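Report on the structure given below.
Remember, it's a predicted structure, so these values are computed and weren't measured experimentally. Quick note: numbers below take in every heavy atom, side chains included, and nothing from hydrogens, waters or symmetry partners.
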Amino acid sequence: MTTLTAPATVPVLDADAALRVAADLAGELAQGAVRRDAERVLPAAELDLLSASGLLAITVPAEHGGADLPVEVVAEVFRLLAAGDPSVAQVPHSHFVYVNALRHQGTPAQQAFFFGEVLRGRRLGNAQSEVDTKHVREHRTTLTETTATTGPTADGGRTWRLDGEKGYSTGALFADWIPVLAHLGEDGPMHVAWVERTAPGVTVVDDWAGMGQRTTASGTVRLEGVAVDDSRITPYHLTFEGPQTYGAFAQLLHAAIDAGIARAAVEDAASFVTTMSRPYPDAGVERAADDPLVVHAFGEMDLAVRGAEALVAEAGRAVDRADAHLTVESVGAASLAVAAARASTTQVSVSVSSRLFEVAGTRSALDGLNLHRHWRNARTHTLHDPASWKVQHLGHHALEGTLPPNHGQI
């Protein structure tokens, strides 16, 4: 894996620049996406480009020298990157989520340090989910206070021992810092332990073998006696004790990735039909692209993707509105807007990436073309959270005005 040699600081991008850089980088990512997926070539060089571009720093608060861009812009950056290569776009998902976590719960000193790291191009990973627990919000990984003879740390804090194993650790293999979700003490409240990727006791295993999103390296993180002091621990549980958009923000970025997959599927299908597909004889046309049934199908697909993209944009605006004035009602509205976006992008990305073959014809199924990566990517990534539960929350609100629950998955 290539190690990023970061500049002193990365560019601070305004909204227009961020979108322009994301679009340009997406074009570069698209050029190698087919081969990387087919051969499972991990995108280390591509992530170095992403880090150096300044895009990973666009949510650093202005008071810490960052661009502090609106959530709507961040979502569009993710959508653009995902249209180029959704695996590359998914890798920094947790990076943005944990930058957001620092905004919510980091101390001034923690914020100054880690935002400074991000502005230098450093990447944050993820060690959150556990594979062998009862459900996705159950965790066993624990920070245990040590009785080390060395006494307290230089700043007077305590030292903790971190032990556990995490799965689906997207971004960890490529990270400089890995935020680890863990109990503070046996069965204690959930906290985030910030550990260096190269710290003693940290092992990142590249054992991800999904049928889609193949180059995200969403494998295993093992933590054995990792030393963590108080200055590298932030509360997680407190995030959900009042109105918050933490969960909506994370979910929105997932929706943006799915929207990007859907748009790329339509564009690749159009390219194939206009250059490779043969017309069906009954259509009486010279080109497959002139078959009225094919034209109508593309119209339907484009309509569906446009709707999903619009819901993503509106959800971003809803989160921005809630962040400007946090109330139970404003964050509930934001969560519902994001739920609608996630439900839509889930359905559209899977259906469009499947219908691609219907409109493109038999030749499009050749394995060497790897057009099936769009469906594999969509089907894999949309499993992150059940879309049906998004629809349930929308239904309860439509029927009785019930706001969704206050947790990190809505």
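Exactly one of Asp229, Val226, Ile233 qualifies for a side chain to side chain contact (heavy atoms under 4.5 Å, CB included) with Trp160. That residue is Ile233.
For the 3.5 Å distance criterion, the side chains of Arg123 and Ser51 qualify, holding a donor opposite an acceptor.
Taking the side chain as every heavy atom from C-beta outward, Asn126 and His95 never approach each other to under 4.5 Å. In this structure, the side chains of Leu124 and Ser94 stay at 4.5 Å or more apart for every pair of heavy atoms. With contacts defined as side-chain heavy-atom distances shorter than 4.5 Å, the pair Arg36/Arg214 does not qualify. Contact check for Asn370 versus Arg376: side-chain heavy atoms found under the 4.5 Å cut-off. In this structure the side chain of Val192 never reaches within 4.5 angstrom of the side chain of Val180, judged on heavy atoms. Taking the side chain as every heavy atom from C-beta outward, Leu223 and Val202 approach each other to under 4.5 Å. Looking only at side-chain heavy atoms (C-beta outward), Ile410 and Ser335 come within less than 4.5 Å of each other. No side-chain heavy atom of His372 sits under 4.5 Å from any side-chain heavy atom of Leu356.
Ion pair Arg263/Asp302 flagged as a salt bridge, since at least one NZ, NE, NH1 or NH2 atom sits closer than 4.0 Å to an Asp/Glu carboxylate oxygen. A salt bridge does not link Arg321 with Glu72: none of the charged nitrogens is closer than 4.0 Å to a carboxylate oxygen. Asp206 and Arg40 are joined by a salt bridge, as a carboxylate oxygen and a charged side-chain nitrogen come within less than 4.0 angstrom of each other. Salt-bridge check for Arg317 with Glu314: passed, with a basic side-chain N closer than 4.0 Å to an acidic carboxylate O. Ion pairing between Arg120 and Asp176 fails under the 4.0 Å rule for side-chain N and carboxylate O.
More than 12 heavy atoms of other shown residues, nucleotides or ligands fall within 6.0 angstrom of atom CD in Glu63. Residue Tyr168 qualifies as open at atom OH: its count of foreign heavy atoms under 6.0 Å is 12 or below. Within a 6.0 Å radius of NE2 in His296, no more than 12 heavy atoms belonging to other residues, nucleotides or ligands are found.
The two residues Ala289 and Thr274 make their nearest non-hydrogen contact at CB-CG2, 4.0 Å.
Without hydrogens or angle criteria, Gln213 side chain to Pro86 main chain gives a donor-acceptor distance under 3.5 Å. The closest donor-acceptor contact from the side chain of Asp207 to the backbone of Thr220 lies under 3.5 Å. Side chain of Lys390 to main chain of Ala340: no donor-acceptor pair is present (N/O by atom type, distance under 3.5 Å, no hydrogens or angles). A donor-acceptor pair under 3.5 Å links the side-chain atoms of Ser277 to the main chain of Ala360, judged by distance alone. Not a single donor-acceptor pair under 3.5 Å links the side chain of Thr346 to the backbone N or O of Ala343. Of the possible donor and acceptor atoms, none in the side chain of Asn377 sits under 3.5 Å from a partner among the backbone N and O of Gly212. The closest donor-acceptor contact from the side chain of Arg103 to the backbone of Thr59 lies under 3.5 Å. Checking side-chain atoms of Ser349 against main-chain N and O of Thr345 turns up a donor-acceptor pair under 3.5 Å. For the pair Thr141 (side chain) and Gly164 (backbone), a donor-acceptor distance under 3.5 Å is absent. His237 places no side-chain N or O within 3.5 Å of a backbone atom of Pro235 that could act as its donor or acceptor partner.
For Val350, the side-chain contact (heavy atoms from CB on, under 4.5 Å) partners are Trp375, Ala378, Arg379, Thr382, not counting sequence neighbours. Among residues two or more places apart in sequence or in another chain, the ring pair (Phe, Tyr, Trp, His ring centres under 6.0 Å) test is passed with His384 by His254.
The structure places CD of Glu165 at 8.5 Å from CD of Glu130, a figure rounded to the nearest 0.5 Å. One finds the OG1 atom of Thr380 at 13.5 Å from the CZ atom of Arg373 (value rounded to the nearest 0.5 Å). Taking CZ of Phe114 as the reference point, atom NE2 of His64 lies at 13.0 Å (rounded to 0.5 Å). Between the CG atom of Leu326 and the CD atom of Gln244 there is a distance of 9.0 Å, given to the nearest 0.5 Å. Rounding to the nearest 0.5 angstrom, the gap separating the CG atom in Leu253 from the CZ atom in Arg342 is 10.0 Å. Note that CZ of Phe298 is 4.0 Å distant from CE of Met301, once rounded to the nearest 0.5 Å.
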Let's go through Glu309 and Arg306 carefully: what are the C-alpha distance in whole Å and the side-chain angles of both, what is the deciding distance for salt bridge (charged side-chain N to carboxylate O under 4.0 Å, His left out) to 0.1 Å, and is it a yes or a no? CA-CA 5 Å; Glu309 291 168 342; Arg306 283 174 181 262; over 6 Å; no

Test log, rule side-chain contact (heavy atoms from CB on, under 4.5 Å), inputs His93 and Thr170: CA-CA 8 Å; His93 177 277; Thr170 307; 6.0 Å; no

Checking Val136 against Gln409 for the side-chain contact (heavy atoms from CB on, under 4.5 Å) test, could you report, in this order, the C-alpha distance in whole Å, the side-chain angles of both residues, the deciding distance, and whether it holds? CA-CA 10 Å; Val136 71; Gln409 290 181 289; 3.4 Å; yes

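Close placement of the Trp177 and Phe113 rings is indicated, their centers lying within 6.0 Å of each other.
Legend: ring pair (Phe, Tyr, Trp, His ring centres under 6.0 Å) pairs involving residues 310-346, not counting sequence neighbours: none detected.
Between Trp389 and His393, the angle of the ring planes lies from 30° to 60°, which puts this pair in the tilted group. Classification of the Phe78-Phe96 ring pair by plane angle, with boundaries at 30° and 60°, yields perpendicular.
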